[in-house]
**Student:** 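I'd like to ask some things about the structure below.
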There are 2 protein chains.
Amino acid sequence: MAKSGPAPTINDVARVAGVSKKTVSRVINRSPLLKQATREKVEKVIAELGYTPNPQARALALRRNFLLGLLHDNPNAQTVLNFQEGVLDAIRDTEFALVVRPVDRHSPAMLDDIRNFLEQQRLYGVLILPPISENDELAALCREMGCGYVRMGSAALDEAEQLVQSNDREMVEGVVDYLVEIGHTRIGLIEGPQGFRSAFERREGFLTAMTRHGLEMPDDALVQGNYRFSSGVEAANRLLDQNPHVTAIFASNDEMAAGAYHAARERGVDIPRDLSIVGFDDSPIAAHIWPPMTTVGWPIREMGKAAALKLVAPDTAEAKPSCFPARLVTRNSVAPPSKKI
Amino acid sequence: MAKSGPAPTINDVARVAGVSKKTVSRVINRSPLLKQATREKVEKVIAELGYTPNPQARALALRRNFLLGLLHDNPNAQTVLNFQEGVLDAIRDTEFALVVRPVDRHSPAMLDDIRNFLEQQRLYGVLILPPISENDELAALCREMGCGYVRMGSAALDEAEQLVQSNDREMVEGVVDYLVEIGHTRIGLIEGPQGFRSAFERREGFLTAMTRHGLEMPDDALVQGNYRFSSGVEAANRLLDQNPHVTAIFASNDEMAAGAYHAARERGVDIPRDLSIVGFDDSPIAAHIWPPMTTVGWPIREMGKAAALKLVAPDTAEAKPSCFPARLVTRNSVAPPSKKI
DNA sequence: TTGTACGCGTTATCAA
DNA sequence: TTGATAACGCGTACAA
């Protein structure tokens, strides 16, 4: 280790090693055309001095920062944080750091804001979470600015190099299959808001499976929510107002599913005896609510890690996959329909 | 607005304005010794050209980045994200950006990691969330590195300039007062883990109030958890194993309180008829669980904003307060004790 | 395979 | 009050 004091610079290393600083620079940047002996000599000095390159100087010279940006528009907290953890798994012990940037997709100035942000920060690349990951103009902006990007989504939004996705549609088909298998025929859907690709995919999966099973899907069995708890309450109330009401509900996310729980409780409808509920996300609420909720869980942290690796180490094996299958997490909110209804 | 192309630099501004670049620099940095006319002339050119200083170059010259760091060790997701939102409220439309850095307080290398991080990134300042905000060595490290810092906590961990805190102890006293007022005398406490100042403060508040009311606090009415759901389940089971059991439980956070809900349900203990429960945090689970939970909510987002302002604009009024009182959020998990027990 | 000289865009020193 | 010039630490032509 070096003695404390002003941190050693590339010049110190060059002087001590008896080479030019360009040679040191080559070692740092893994230039292939270097004699092995030189490289080792320099590396030894680097270790002795405890030298690390100054990121600010590099950023200035390269016109590019060793910073990854996380762009998101307020999906649920757990998703953002899990993804963040994954990104940090990927860049741990590297020179990269993560800067977080929430944006407002309803603001007309959003794209300009992001443009300024990218122009200012000169990011190495950005990771974009849904729902703004679905905005193609934003992706185009990144390309135009020469900023790497990876989008996270529920469908094939982009090329594999710029994408981590899950198989929402297929998973929801599986949910319906499961419910039908144990006897449900009247199944309600609480779908997510317009303009969210995840909401679209999940609805399509739902409807596809219903059709495949030859099941009717009356108009009033499909209610739209906005991914918030209260919209789940309202939607479930609409579904339960009918007589007879559906025996099972799939909600497009856990928060709305929790809202459906709430509505059921207020009416004295027992879960799962009188009503089965399945959510999507496997957020903490799903495990903590009573009865524990059956839901679809997606590997968000792994997706975050892979997304970051696509930017900082695109050639590693872990950076290759772009589809991350979700899985059904079976708990206690589903049962066969009771006969009495 | 400027035409697109390479962004204008300070040299462009200087040339067009017919001054030296140092003068432009003085304008940017609000140097007081500038003739008003010169300043206005330069500012006009800056506006015309759409010039903004290059952060990388500034960072290199100043040896300091215009970056705020958020250091946290995995408290709950909602807390981190709310705080983050507050920080971003504070730095919106400024040159600052936020970099997030989760750390592992159990790692022996934590302090070294953070030291490297600070040395590398040359942050303007860091915001530290509990529980690592309680680590005095970490604060000392920041001072040593010349890095501004603000800690968030449940007590007066530091000087007002480096602190945003809530009044946990007092609030929990209020919770006990409330429970006693409506008739509870046997109240259980599920406390947080050792080494968390928040856990300590909340316990002290609890015990102080119990003593003040002349109420007994048997050893088996106090159970320790670790702030996780499952520990809340276990703790509540211990509390409910007793006969007669407590008529009310205060849990040191919502997640454990939700665990207590779970335990109660499994035993057929009705909330709030047979058992009142109060949590702490006002996290989403509190509003979404059944029955909606009475809990203590603290203004995390405001705290985040104030904390950031203490670093970037310490002289503004909003940066002054360091204590942010929590408040009791009354919902439906509390009722007078039923007679039958 | 290695070194020299210069550029990146800003701030700081010190003299005018 | 302003300006010339030298840092800041690293990368890149281009030459050797």
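Worth saying up front: this structure is predicted, and the values here are computed from it rather than measured. Here is how names work: the chains are called A, B, and so on, in the same order as the sequence lines, proteins then strands, and each is numbered from 1.
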**Student:** Could you list the donor-acceptor pairs under 3.5 angstrom formed between side-chain atoms of residues 97-112 of chain A and any protein atom two or more places apart in sequence or on another chain?
**Tutor:**
| from | atom 1 | to | atom 2 | distance (Å) |
| --- | --- | --- | --- | --- |
| D104(A) | OD1 | H106(A) | N | 2.9 |
| R105(A) | NH1 | D73(A) | OD2 | 2.2 |
| S107(A) | OG | A109(A) | N | 3.0 |

**Student:** With nearest nucleotides of DNA chain D determined for L60(B) and T23(B) from heavy-atom distances, which residue corresponds to the more 5′ nucleotide?
**Tutor:**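 Nearer the 5' end of the strand: T23(B).
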**Student:** Tell me, for nucleotides 10-16 of chain C in 5' to 3' order, what letter each nucleotide earns: B for a base near a protein heavy atom under 4.0 Å, S for only sugar-phosphate near one, - for neither?
**Tutor:** BBB----
**Student:** Kindly list each side-chain donor-acceptor pair under 3.5 angstrom involving residues 57-69 of chain A, sequence neighbours excluded, with atom names and distances?
**Tutor:**
| from | atom 1 | to | atom 2 | distance (Å) |
| --- | --- | --- | --- | --- |
| R58(A) | NH1 | N29(A) | OD1 | 3.1 |
| R58(A) | NH2 | E95(A) | OE1 | 2.3 |
| N65(A) | ND2 | Q121(A) | O | 3.1 |

**Student:** Can you list the residues that meet the salt bridge (charged side-chain N to carboxylate O under 4.0 Å, His left out) rule with R92(B), with sequence neighbours excluded?
**Tutor:**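 For R92(B), the residues satisfying salt bridge (charged side-chain N to carboxylate O under 4.0 Å, His left out) (neighbours in sequence not counted) are D89(B).
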**Student:** Cut-off 3.5 Å, no hydrogens considered: what does the side-chain donor-acceptor table look like for residues 306-319 of chain A, sequence neighbours left out?
**Tutor:**
| from | atom 1 | to | atom 2 | distance (Å) |
| --- | --- | --- | --- | --- |
| K310(A) | NZ | A160(A) | O | 2.8 |
| K310(A) | NZ | A319(A) | O | 3.1 |
| K310(A) | NZ | K320(A) | O | 3.3 |
| K310(A) | NZ | P321(A) | O | 3.2 |
| T316(A) | OG1 | A313(A) | O | 2.9 |
| E318(A) | OE2 | K305(A) | NZ | 3.4 |

**Student:** Are T38(A) and dT2(C) close enough that a side-chain N or O sits under 4.0 Å from OP1 or OP2?
**Tutor:**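 Yes, within the criterion.
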**Student:** Using the heavy-atom set of chain B and a strict 4.0 Å cut-off, write down the first and last nucleotide of DNA chain D that makes it in, 5' to 3'.
**Tutor:**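 First-to-last contact on DNA chain D, by the 4.0 Å heavy-atom rule, is dT1(D) to dG9(D).
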**Student:** Quick one: side chains of residues 77-88 of chain B, donor-acceptor pairs under 3.5 Å with protein atoms, not counting sequence neighbours, listed by atom name and distance.
**Tutor:**
| from | atom 1 | to | atom 2 | distance (Å) |
| --- | --- | --- | --- | --- |
| Q78(B) | NE2 | N82(B) | OD1 | 3.3 |
| T79(B) | OG1 | N76(B) | OD1 | 3.0 |
| T79(B) | OG1 | N76(B) | ND2 | 3.2 |

**Student:** Rounded to 10°, tell me the angle between the two end axes of the helix from dT1(C)-dA16(D) to dA16(C)-dT1(D), each built from five pairs.
**Tutor:**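 That helix has its two terminal axes inclined by roughly 30°.
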**Student:** Return the set of residues passing ring pair (Phe, Tyr, Trp, His ring centres under 6.0 Å) with F196(B) (not counting sequence neighbours), or none when no residue passes.
**Tutor:**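 With neighbours one apart ignored, the set is Y227(B).
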**Student:** Is a side-chain donor or acceptor of S133(A) paired with a backbone partner of G153(A) at a separation under 3.5 angstrom?
**Tutor:**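 Checking the backbone N and O of G153(A) against the side chain of S133(A), no donor-acceptor pair under 3.5 Å is found.
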**Student:** Scan residues 7-28 of chain B for pairs that pass salt bridge (Lys or Arg N to Asp or Glu O under 4.0 Å), counting only residues two or more places apart or in two chains.
**Tutor:**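 Residue pairs with at least one partner in residues 7-28 of chain B: D12(B)-R15(B).
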**Student:** Salt bridge (charged side-chain N to carboxylate O under 4.0 Å, His left out) with R122(B): which residues, sequence neighbours excluded?
**Tutor:**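 Here no residue qualifies.
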**Student:** Give every residue pair that meets the salt bridge (Lys or Arg N to Asp or Glu O under 4.0 Å) criterion with at least one member in residues 135-160 of chain A, sequence neighbours excluded.
**Tutor:**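 Only R115(A)-E144(A), D136(A)-R151(A), R151(A)-D158(A) qualify under salt bridge (Lys or Arg N to Asp or Glu O under 4.0 Å).
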